[in-house]
Amino acid sequence: LCRAGEFVESDRRVYILKQGTCSIKLPPLRKDDDTCLGPPKSNRHVGLRSPTSPVPVGILGPGAVLGYASSLFCAPEPFTVVAEEAVSALWVDVNQRPLAVWPRDVVGKLHEALRVRTELHAKRSVS
């Protein structure tokens, strides 16, 4: 559904998972400098990181919001999200419904959730 480090300008969609589960995976380490391919950017979280494949760090279920880092905030996606079974999702095309018309409190909560989720999973990857 979304890939760590990815930013797709033409297909800016925010997904809301209605049914099914998805795994959250941290991106693999870069071979050239041992940092991750996508956010978070610091080296402090490399403990459990694989040099070759994404590391699962969580599961998302119904109600989860996906793809909003790149779609709403023009930031690379911090995680890869992979459907673990058949999923059903609602989506909003940000090109058709721009961020300027979204309620500020919704955008603020999504921004805060992105920060918290990124920090939480970065810490989990080193313990």
Side-chain angles (χ1 to χ4, degrees):
L1 293 172
C2 57
R3 184 165 297 152
E6 192 172 78
F7 173 73
V8 181
E9 195 168 331
S10 61
D11 186 25
R12 295 178 57 202
R13 292 183 180 173
V14 175
Y15 297 91
I16 302 168
L17 198 58
K18 284 178 54 178
Q19 180 180 329
T21 59
C22 298
S23 62
I24 304 172
K25 299 180 180 188
L26 283 172
L29 297 171
R30 286 186 187 165
K31 292 183 184 219
D32 59 344
D33 64 358
D34 287 344
T35 61
C36 61
L37 290 174
K41 296 279 187 202
S42 73
N43 283 336
R44 65 176 166 39
H45 61 280
V46 298
L48 298 178
R49 305 297 285 284
S50 166
T52 58
S53 61
V55 177
V57 292
I59 299 289
L60 297 173
V65 182
L66 313 169
Y68 61 92
S70 62
S71 295
L72 295 179
F73 306 119
C74 299
E77 288 296 329
F79 308 104
T80 296
V81 178
V82 178
E84 294 296 321
E85 59 187 346
V87 297
S88 175
L90 301 171
W91 57 268
V92 177
D93 186 335
V94 178
N95 291 321
Q96 293 179 357
R97 186 164 173 83
L99 184 58
V101 299
W102 287 51
R104 285 187 205 200
D105 57 334
V106 170
V107 174
K109 295 284 186 189
L110 287 171
H111 191 268
E112 179 63 13
L114 177 63
R115 185 189 64 75
V116 168
R117 184 184 293 170
T118 301
E119 288 177 4
L120 169 72
H121 292 303
K123 288 177 185 174
R124 288 182 67 203
S125 72
V126 293
S127 52

Is there a side chain to side chain contact (heavy atoms under 4.5 Å, CB included) between Thr80 and Cys2 once you walk through the steps?
CA-CA 5 Å; Thr80 296; Cys2 57; over 6 Å; no
Side-chain donor/acceptor pairs under 3.5 Å, residues 86-93, sequence neighbours excluded:
unit_1 : atom_1 : unit_2 : atom_2 : d
Asp93  : OD1    : Asn95  : N      : 2.8

Could you pull out every donor-acceptor pair under 3.5 Å between side chains of residues 96-111 and any protein atom, sequence neighbours left out?
unit_1 : atom_1 : unit_2 : atom_2 : d
Trp102 : NE1    : Arg97  : O      : 2.9

Under 3.5 Å, side-chain donor or acceptor atoms of residues 54-74 against the rest of the protein: list the pairs with distances, not counting sequence neighbours.
unit_1 : atom_1 : unit_2 : atom_2 : d
Tyr68  : OH     : Leu114 : N      : 3.4
Ser70  : OG     : Glu77  : OE2    : 2.9
Ser71  : OG     : Arg13  : N      : 3.1
Ser71  : OG     : Arg13  : O      : 2.9
Ser71  : OG     : Gly67  : O      : 3.0

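For the pair Phe79 and Arg117, the minimum side-chain heavy-atom distance is below 4.5 Å.
In this structure, Tyr15 is not a member of the same hydrophobic cluster as Leu17, with clusters built from ILVMFWY side-chain heavy atoms closer than 4.5 Å.
No side-chain N or O of Thr21 forms a donor-acceptor pair with one of Glu84 less than 3.5 Å apart.
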